[in-house]
*Asks:* 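Mind having a look at this structure? Questions to follow.
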Number of protein chains: 2
Amino acid sequence: MATIYDVARHADVSAATVSRVLNGRGSVDPTLTERVLAAVAELGYRRNAVARNLRKQQTSLWAVIISDVQNPFFTSMVRGIEDVASAAGCSVVLCNSDENPEKESKYIGVALSEQMAGVIISPSSDRTEDFNLLPDSGCPVVMVDRQVKGVRCDSVLVDNEHGAEEATTHLIEQGYERIACITGPRRLSTAAQRLRGYRNAFKAAGRPVDESLIRAADFREHGGHDAMAALLDAAGPAPDAVFVANNLMTVGAMECLAERGRVIPDDIALVGFDEIPWADLVRPSITTVEQPTYEEGRAAAELLAHRIANPDRALTQQTLKTTLRVRASSTRPTPLSP
Amino acid sequence: MATIYDVARHADVSAATVSRVLNGRGSVDPTLTERVLAAVAELGYRRNAVARNLRKQQTSLWAVIISDVQNPFFTSMVRGIEDVASAAGCSVVLCNSDENPEKESKYIGVALSEQMAGVIISPSSDRTEDFNLLPDSGCPVVMVDRQVKGVRCDSVLVDNEHGAEEATTHLIEQGYERIACITGPRRLSTAAQRLRGYRNAFKAAGRPVDESLIRAADFREHGGHDAMAALLDAAGPAPDAVFVANNLMTVGAMECLAERGRVIPDDIALVGFDEIPWADLVRPSITTVEQPTYEEGRAAAELLAHRIANPDRALTQQTLKTTLRVRASSTRPTPLSP
DNA sequence: GCGCCACGTCGTAGATGGTCGCCATGGGCC
DNA sequence: GGCCCATGGCGACCATCTACGACGTGGCGC
């Protein structure tokens with residue numbers, strides 16, 4: 001690889017002049033500029049970003065720490081982030097934490113070691129001290145989707161509580177009596193908020209919450225399946241509707257229902273949180289609380305860009321709205337005899 | 001951020017000794033080792049990877065250039081890559097080329113500038129000279145999924161031709177008469193190979209290929225939709241089966257069929273290439289040619305790791321097998337009267 | 001007309017943080 | 001007493017950026 005000195009020698013100028021030409025700083029005689037550019041082209045010179053980063057004390061890499069690259073929720077978000085990063089001349093380093101706090105803090109360490117320009121994280125633990133390493137070391141951070149109290153950073157969230165309340169209210173209004181809830185790990189803010197929304201809907205309707213119909217699982221397919229099975233196997237009458245707090249668990253729950261021969265929505269209605277990819281191909285089509293995932297990614301990335309540009313600005317928190325998409329899985333089957 | 005010199009001063013040794021302790025190279029007195037480690041802990045020292053990379057002339061970043069983060073085919077592959085990279089102590093930089101040759105070569109430039117340890121690419125163009133920049137600059141490369149002739153690098157492919165032939169043969173054996181094919185952009189090896197497999201099946205069955213039933217689209221949902229529409233609108237009898245050469249186009253085609261009220265498989269049978277996420281929830285369930293996507297990612301990553309460790313080893317090419325998963329969309333409806 | 005000042009332009013040199021080759025030192029063993 | 005090995009420190013090196021200083025030229029003022 002040619003270095004800036006090779007170019008300088010070739011163009012018969014100093015390395016400083018080459019640097020000035022390439023970075024557009026200071027002023028350089030047009031003749032020399034031309035000679036430099038010609039030398040660059042001839043040698044196929046490409047500046048060494050590592051050396052540049054060291055000297056400038058900053059890189060153009062953004063770490064994006066999420067818990068599952070395979071979840072369409074995150075990929076859509078990553079896409080939003082990538083588009084903004086790319087426009088800002090930055091690259092995205094993808095870190096898969098796998099909902100594993102160890103891996104997560106490992107990646108925080110990597111981001112710090114690599115002097116990354118910033119971090120966008122969807123936390124899967126609540127280790128405040130790990131997260132605060134970042135702002136404490138002067139590394140800009142934006143939290144997205146999930147919230148951890150006591151971390152000094154910007155955040156982009158969605159209105160989970162309202163979304164869940166709207167979904168549950170919809171089921172109540174459809175006349176369902178025993179509405180179950182499969183929520184996520186208690187340590188995750190999204191799970192807590194969605195559960196709160198579920199409760200709020202009952203309160204608003206003046207109805208009591210049946211605690212035996214609430215199950216906390218792990219936001220994964222298998223967990224959703226097992227929670228659904230547990231609900232069906234529990235003593236007492238089975239639920240006639242279920243609100244599932246994320247997309248993977250929705251799939252698991254549906255598979256469980258299919259295994260048991262329960263028909264949606266005739267035997268049991270279902271509303272899921274998060275979008276399902278290619279939802280229109282799934283039968284019955286699933287009523288979901290849709291999140292603006294791409295926009296979440298964009299918003300987080302823009303917040304990060306702003307904070308990098310201006311580290312001292314006040315912390316901000318942005319909350320995006322969800323949309324209830326009513327489809328076939330939650331509409332009362334028309335009674336056979338009216 | 002503390003530097004190695006701060007640690008050295010704190011432990012009252014030289015920076016070289018700190019470096020030796022941290023890297024386990026050379027031998028250091030246990031007493032000093034202890035003092036160094038204590039200083040590291042006390043200062044919260046974290047080595048500056050940028051400086052290290054500059055000095056060592058190598059980084060621990062792998063660029064992964066794919067065309068669509070949102071396509072489950074790629075995310076599963078990325079997951080495979082990430083798992084291997086993580087085990088090797090490397091991080092993955094995700095680059096979304098969006099099937100855009102400009103973006104793709106931009107990212108190749110970034111990988112070169114950032115002195116990345118290696119590149120895994122699923123090419124969306126056939127600009128041989130762009131790709132060869134990498135091996136020519138001594139940057140290890142592995143091509144995955146798609147092939148570009150004349151590029152000096154390792155590759156991991158799947159047996160597209162055989163997979164497509166198997167799928168088409170299955171439709172022939174089911175007794176379908178007018179089997180259409182929606183393939184991808186001609187410049188992509190996968191599209192060409194899958195089309196060849198389709199033709200092979202007819203040849204093997206001793207049947208002619210009806211060229212009017214072949215459409216090339218863009219591997220995207222919209223393209224699949226429009227190609228399906230064009231097939232239905234064409235003069236002459238409509239096809240009674242269709243082989244669609246990737247997952248996104250399969251979705252598009254199914255949506256088109258739904259719009260037109262054509263029932264799968266009664267009116268038209270369908271086989272898709274690539275896995276569909278949560279395929280079990282889709283009704284009717286779709287017969288697909290399944291690729292070992294996670295394994296493809298793993299294989300590519302392992303190949304990359306080997307080449308990084310041993311740049312002079314001979315070029316290798318690995319081909320993985322596909323599996324035909326027969327589901328409901330391609331099975332002859334049982335005749336009403338036997 | 002001459003001299004000084006200001007500005008444009010360019011090169012030198014130091015800084016960035018970590019690694020490692022080489023050399024010096026000291027202690028132990030033969 | 002001499003040799004060898006363990007250990008530690010110095011300084012070069014990686015490629016780039018940039019502060020500072022130097023040089024030259026042009027313009028303006030006296």
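First the proteins, then the strands, lettered A, B, ... as listed; each starts at 1.
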*Asks:* On the nucleotide D/dC13, are OP1 or OP2 found under 4.0 Å from the side-chain N or O atoms that B/K56 carries?
*Replies:* no
*Asks:* For nucleotides 23-26 of chain D, tabulate all protein N/O to nucleotide N/O atom pairs closer than 3.5 Å, reporting atom names and distance.
*Replies:*
none

*Asks:* Using a 4.0 Å heavy-atom cut-off across all strands, classify B/N53 as base, sugar-phosphate, or nothing.
*Replies:* nothing
*Asks:* Using whole Å, what does the distance between atom C1' of nucleotide C/dG17 and atom CD of A/Q58 come to?
*Replies:* 16 Å
*Asks:* Under 4.0 Å from OP1 or OP2 of D/dC17: is there any side-chain N or O of A/R25 that close?
*Replies:* no
*Asks:* Rounded at 0.5 Å granularity, tell me how far OH in A/Y107 sits from CG in A/D130.
*Replies:* 15.0 Å
*Asks:* Tell me whether the side-chain N/O atoms of A/Q57 come closer than 4.0 Å to OP1 or OP2 in D/dC17.
*Replies:* no
*Asks:* Kindly say whether, by distance alone, the side chain of B/Y5 makes a donor-acceptor pair under 3.5 Å with the base of C/dG17?
*Replies:* no
*Asks:* Using a cut-off of strictly less than 4.0 Å, decide whether B/R52 has a side-chain nitrogen or oxygen near OP1 or OP2 of C/dT19.
*Replies:* yes
*Asks:* Just the rounded figure in Å: distance from P of D/dT18 to CG of A/L22.
*Replies:* 12 Å
*Asks:* Considering only nitrogen or oxygen atoms on both sides, find all protein atoms under 3.5 Å from nucleotides 7-9 of chain D and state each distance.
*Replies:*
from, atom 1, to, atom 2, distance (Å)
D/dT7, OP2, B/S27, OG, 2.7
D/dG8, OP2, B/D29, N, 3.2
D/dG9, OP2, B/S14, N, 3.0
D/dG9, OP2, B/S14, OG, 3.0
D/dG9, OP2, B/T17, OG1, 3.1
D/dG9, N7, B/R20, NH2, 3.0
D/dG9, O6, B/R20, NH1, 3.3

*Asks:* Would you indicate whether the side-chain heavy atoms of A/E99 and A/L188 approach each other to under 4.5 Å?
*Replies:* yes
*Asks:* If you apply the rule side-chain contact (heavy atoms from CB on, under 4.5 Å), what do you find for B/Y294 with B/D83, and how did you get there?
*Replies:* CA-CA 10 Å; B/Y294 177 83; B/D83 285 354; 2.6 Å; yes
*Asks:* Grab the CE-P distance between A/M1 and D/dT16 for me, whole Å please.
*Replies:* 9 Å
*Asks:* Which nucleotide in the set C/dG18, D/dT16, D/dC14 lies at the smallest distance from any side-chain heavy atom of A/Y45?
*Replies:* D/dT16
*Asks:* How about CZ on A/R187, more than 12 heavy atoms from neighbouring residues, nucleotides or ligands closer than 6.0 Å, or not?
*Replies:* yes
*Asks:* Once you round it to whole Å, what is the distance between P of C/dG18 and CZ of B/R55?
*Replies:* 13 Å
*Asks:* Could you note down all residue pairs passing salt bridge (charged side-chain N to carboxylate O under 4.0 Å, His left out) where residues 304-317 of chain A supplies at least one of them, sequence neighbours left out?
*Replies:* A/D154-A/R307
*Asks:* By the side-chain hydrogen bond (donor to acceptor under 3.5 Å, both in side chains) test, which pairs, at least two apart or in different chains, include something from residues 34-47 of chain B?
*Replies:* B/N23-B/R47
*Asks:* Send over the distance from A/R9 CZ to C/dT12 P, rounded to a whole Å.
*Replies:* 13 Å
*Asks:* Rounded off to whole Å, could you give me the CZ-to-C1' distance for the B/R46 and C/dG17 pair?
*Replies:* 16 Å
*Asks:* Mind checking if A/T3 touches a base, just sugar-phosphate, or nothing, with heavy atoms under 4.0 Å?
*Replies:* sugar-phosphate
*Asks:* If I compare all heavy atoms of A/V92 with all of A/A85, which pair ends up nearest, and what's the gap?
*Replies:* CG2-CB, 3.8 Å
*Asks:* Does B/P101 offer a backbone N or O that forms a donor-acceptor pair with the side chain of B/S125 under 3.5 Å?
*Replies:* no
*Asks:* Find the distance A/L54:CG to C/dT19:P and express it as a whole number of Å.
*Replies:* 12 Å
*Asks:* Using whole Å, what does the distance between atom P of nucleotide C/dG17 and atom CD1 of B/I4 come to?
*Replies:* 11 Å
*Asks:* Within the distance-only criterion (no hydrogens, no angle test), does the side chain of A/D29 pair as donor or acceptor with the backbone N or O of A/T31 below 3.5 angstrom?
*Replies:* yes
*Asks:* So for the helix from C/dG1-D/dC30 to C/dC30-D/dG1, with five pairs setting each end axis, what is the inter-axis angle to 10°?
*Replies:* 50°
*Asks:* Taking all non-hydrogen atoms of both residues into account, name the closest pair between A/P123 and A/V144 and its distance.
*Replies:* CD-O, 4.2 Å
*Asks:* Listed by chain and number, what are the side chain to side chain contact (heavy atoms under 4.5 Å, CB included) partners of A/S97, not counting sequence neighbours?
*Replies:* A/I65, A/S67, A/E104, A/S124
*Asks:* Have a look at B/F131 and tell me which of B/V141, B/D136, B/I121, B/D126 forms a side-chain contact (heavy atoms from CB on, under 4.5 Å) with it.
*Replies:* B/I121
